[in-house]
Protein chains: 2
Amino acid sequence: MPNKRVTLADVARRAGLSTAAASMILNGRTDTRLSAEAHARVNDAAAELGYRPNVAARGLRTRKTLTIGFISDVVATTRFASGLIQGALDAARKAGHVLLVLETGGEPARESEAIEAVLDRQVDGIIFGVMRARELFVPDIPPATNVVMLNASNKKHPVSVLPDELSGGRAAVRLLADAGHRNGIALIGHNKEVEKNLFRSATVGQRIAGIRTEMAERGLRFAAEESCWDWEPQHGYDVTLSLLKERRDIRALLCMNDRLAFGAYQALADRGLSVPHDVSVVSFDNDELASYLRPGLTTVALPHEAMGRASIELLLDHNRRPDQHLIPMPIIERGSIHPPAD
Amino acid sequence: MPNKRVTLADVARRAGLSTAAASMILNGRTDTRLSAEAHARVNDAAAELGYRPNVAARGLRTRKTLTIGFISDVVATTRFASGLIQGALDAARKAGHVLLVLETGGEPARESEAIEAVLDRQVDGIIFGVMRARELFVPDIPPATNVVMLNASNKKHPVSVLPDELSGGRAAVRLLADAGHRNGIALIGHNKEVEKNLFRSATVGQRIAGIRTEMAERGLRFAAEESCWDWEPQHGYDVTLSLLKERRDIRALLCMNDRLAFGAYQALADRGLSVPHDVSVVSFDNDELASYLRPGLTTVALPHEAMGRASIELLLDHNRRPDQHLIPMPIIERGSIHPPAD
DNA sequence: ACCGCTTGCTAAACCCTTTTAGCAAGGCCA
DNA sequence: TGGCCTTGCTAAAAGGGTTTAGCAAGCGGT
């Protein structure tokens with residue numbers, strides 16, 4: 001292994017040509033009039049020396065670095081973020097790009113820092129991922145920058161990727177309705193504040209809207225709506241338990257996410273009710289948890305990877321629509337839905 | 001916002017000095033003899049124009065890009081990987097560096113690709129993370145490259161970061177012993193193959209070794225050892241259930257990871273046994289699951305973030321030991337251990 | 001014998017920054 | 001008056017590539 005990296009000049013020297021010729025040949029330019037022999041000599045030299053171009057040097061001239069900045073507020077806290085990153089990494093790799101990943105914790109100061117850091121490195125574009133619901137997002141990015149919003153939308157940067165929560169919400173209701181549930185359906189985790197305040201989480205608003213639309217279209221009504229502020233297992237447990245103490249007619253639970261459903265499972269077990277024979281459960285996200293539960297939880301999945309992938313593809317696609325791109329939410333059928341007993 | 005990025009030449013022009021002067025002043029060089037007035041003019045100009053140096057151009061000259069390649073086999077599949085990345089991102093940010101994150105899926109071809117991709121971008125060093133146990137790891141990296149192995153060790157790259165599994169294994173036993181358990185302790189997930197074959201997973205071998213050492217030193221013996229190949233909830237459920245059917249004297253479960261423990265919880269519930277009053281449970285990893293269980297699972301945590309952080313700090317530390325660096329595994333006490341009833 | 005067109009290639013500028021070598025002016029000393 | 005040392009700065013090269021402008025040689029036509 002040579003001590004120094006092989007440069008274009010090395011290749012040109014070995015081929016007995018100028019760096020200009022070598023550059024044009026290696027870049028496959030067709031408008032060049034260089035002889036077939038020159039092509040062969042340069043290609044051979046490059047292969048023999050194991051030449052690899054220096055991306056930074058090239059970028060200096062061409063303003064293309066084959067590098068994309070992926071800035072998100074949170075990376076590790078939720079599996080959601082990793083799925084997005086995973087999809088983005090893979091799509092980027094396939095397009096010959098590489099990702100500069102930064103995390104901001106949602107703090108505006110760090111967001112600005114992150115944007116500067118990636119711009120300093122001449123990225124070809126920025127994916128801005130938002131995992132936590134947030135009021136608004138405003139850091140200044142130079143107008144010429146190629147930006148895609150991931151899981152968020154923003155007026156200044158119209159190209160965005162979002163899960164198709166409206167259809168997803170409808171799908172969840174459809175799953176229960178198709179199994180024959182018409183009465184005794186409870187909504188777990190409905191949250192009036194969120195429903196009203198689209199800034200807090202645009203996507204969850206759509207989820208609820210889809211649920212309500214589909215219920216209405218089928219002439220169905222919830223037997224109960226249990227509201228809670230946070231959507232952690234503990235809350236699912238608490239509200240479900242208190243619901244079950246009051247009501248004996250609950251036959252299905254529509255949970256706003258899998259963690260609530262997880263808590264609901266525990267509450268159902270505590271009350272001696274079996275899933276799905278006594279009570280069906282359906283929820284959202286396809287959290288890792290959902291497959292661990294017994295029986296497996298039927299859920300409407302957040303399409304993490306597809307979204308991550310889409311964000312990269314959009315970023316690199318020059319004639320994309322400057323618009324929201326909705327990614328379908330797959331239905332993951334496991335064993336938590338069953339026709340009502342009575 | 002100006003259309004073009006501000007360059008050093010712009011700053012120099014506005015300050016009425018040469019780019020050389022501007023460069024030296026902005027880099028805070030003291031061996032320079034430039035007047036105080038020149039300093040002031042340059043600094044003012046830079047501030048007024050909002051100058052930010054072009055990292056790529058600078059790197060061309062200095063061979064430092066303030067960028068680190070983080071190559072791992074898997075990023076999203078396990079929470080483990082995200083924790084590592086999270087720690088690494090944060091440490092890198094604090095050191096003014098940025099991470100180029102690549103994923104290889106553990107395929108050698110993609111590993112080589114990834115290494116080339118980051119070297120092409122002149123990274124200051126490479127962190128090589130291995131999440132899945134693998135036989136060995138051998139892609140060729142130029143010898144001068146600054147490499148830190150994360151969660152793996154390798155002869156060619158001696159600097160590595162690993163969890164202190166030996167102490168962790170001992171700690172788990174200690175937790176049970178200190179609560180008064182001496183008999184009826186079962187080991188769930190012991191795996192003879194792994195124990196023998198350190199290539200498959202060096203860290204798990206240490207975990208077992210720690211457990212066995214501490215047991216021996218305290219004169220304790222396992223009442224049962226349930227082996228299984230994979231460590232998913234389903235397996236924990238299966239082996240625990242069959243164990244409980246055979247034996248009525250089990251008072252504590254030492255599970256090899258939290259997912260097994262999760263399955264074990266379900267099996268215990270099926271048998272009408274309560275955690276921790278009938279049976280104590282302790283395990284490893286501090287998976288997200290552990291906090292969702294009821295009662296919370298006491299576990300010896302994998303120090304994801306600390307490891308990710310350490311890997312960066314080591315990479316940037318020029319006089320580090322060329323050696324394994326062991327990161328302590330914190331004990332997370334929740335509610336799953338209780339003194340035995342009898 | 002000269003013009004003009006192709007063909008095949010190279011010199012040099014350019015991207016942005018750092019760094020080395022050295023210039024010009026002023027002061028001091030002899 | 002000349003030589004030497006500081007002081008304060010700049011020109012230019014270097015780093016690795018891309019791109020533009022244009023040179024030289026060969027050839028066909030008149």
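In what follows, chains are A, B, ... by sequence order, proteins preceding strands, each numbered from 1.
For DNA chain D, the residues of residues 54-61 of chain A within the heavy-atom distance limit of 4.0 Å (strictly under) are Asn54(A), Ala57(A), Arg58(A), Leu60(A), Arg61(A), sorted by number.
Summarising the geometry, atom CG belonging to Leu100(B) is positioned 10.5 Å from atom CD1 belonging to Ile68(B); distances are rounded to the nearest 0.5 Å. Here the CD1 atom belonging to Ile127(A) is positioned 10.0 Å from the CG atom belonging to Leu84(A), to the nearest 0.5 angstrom. Note that OG1 of Thr65(A) and CZ of Arg121(B) are 7.0 Å apart. Values are rounded to the nearest 0.5 Å. With values rounded to the nearest 0.5 angstrom, Thr67(B) atom OG1 is found 8.0 Å from His97(B) atom NE2. Annotation: the span from Leu102(B) atom CG to Leu99(A) atom CG amounts to 9.0 Å, rounded to 0.5 Å.
Rounding to whole angstrom units, CG of residue Leu26(B) and P of dC16(C) are separated by 16 Å. To the nearest angstrom, P of dG17(D) lies 15 Å from CD1 of Ile25(A). Distance, His39(A) NE2 to dT7(C) C1': 14 Å, rounded to whole Å. Following rounding to the nearest Å, Asp31(B) (CG) and dA21(C) (P) show an atom-to-atom distance of 13 Å. Note: CZ (Arg52(B)) to P (dC16(C)) measures 16 Å, nearest angstrom. If you take CG of Leu49(A) and P of dG17(D), they are 12 Å apart, rounded to a whole angstrom. Between Arg5(B) atom CZ and dC15(C) atom C1' there is a gap of 13 Å when expressed in whole angstrom units. When the P atom of dG16(D) is taken as reference, atom CZ of Arg121(B) falls 17 Å away, rounded to whole Å.
Residue Ser23(A) is classed as a base contact, given a heavy-atom separation below 4.0 Å to a base.
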Name the pairs: protein N/O against N/O of nucleotides 7-11 of chain D, kept only if under 3.5 Å.
unit_1  : atom_1 : unit_2   : atom_2 : d
dG8(D)  : N7     : Arg33(B) : NE     : 3.0
dG8(D)  : N7     : Arg33(B) : NH2    : 3.0
dG8(D)  : O6     : Arg33(B) : NH2    : 2.9
dC9(D)  : OP1    : Ser35(B) : OG     : 3.4
dC9(D)  : OP2    : Ser35(B) : N      : 2.6
dC9(D)  : OP2    : Ser35(B) : OG     : 2.9
dT10(D) : OP2    : Ser18(B) : N      : 3.0
dT10(D) : OP2    : Ser18(B) : OG     : 3.0

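Electrostatic pairing of Arg110(A) and Asp73(A) does not count as a salt bridge here, judged by no charged N lying under 4.0 Å from a carboxylate O. Of the charged side-chain nitrogens involved, none lies within less than 4.0 Å of a carboxylate oxygen, so that Asp44(A) and Arg41(A) do not count as a salt-bridged pair.
A sub-4.0 Å separation between OP1 or OP2 of dT19(C) and a side-chain N or O of Arg29(B) is present. OP1 or OP2 of dC16(C) has not a single side-chain nitrogen or oxygen of Tyr51(B) nearer than 4.0 Å.
Contacts of Asp90(B) classified as salt bridge (Lys or Arg N to Asp or Glu O under 4.0 Å), with partners at least two apart in sequence or in another chain: Arg93(B), Lys94(B), Arg309(B).
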Under 3.5 Å donor-acceptor pairs involving side-chain atoms of residues 52-59 of chain B, not counting sequence neighbours:
unit_1   : atom_1 : unit_2    : atom_2 : d
Arg52(B) : NH1    : Asp120(A) : OD1    : 3.3
Arg52(B) : NH1    : Asp120(A) : OD2    : 2.6
Asn54(B) : OD1    : Ala56(B)  : N      : 2.9
Asn54(B) : OD1    : Ala57(B)  : N      : 3.0
Asn54(B) : ND2    : Gln122(A) : OE1    : 3.2

Return a table of donor-acceptor pairs under 3.5 angstrom between the side chains of residues 14-25 of chain A and protein atoms on other chains or two or more places apart.
unit_1   : atom_1 : unit_2   : atom_2 : d
Arg14(A) : NH1    : Glu48(A) : OE1    : 2.1
Ser18(A) : OG     : Ala20(A) : N      : 3.4
Ser18(A) : OG     : Ala21(A) : N      : 3.1

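Here the rule is side chain to side chain donor-acceptor pair (under 3.5 Å) with Arg29(A), and of Thr32(A), Asp31(A), Asn27(A) only Asp31(A) fits it.
Within the helix from dA1(C)-dT30(D) to dA30(C)-dT1(D), the inter-axis angle between the opening and closing five-pair segments is 90°, rounded to 10°.
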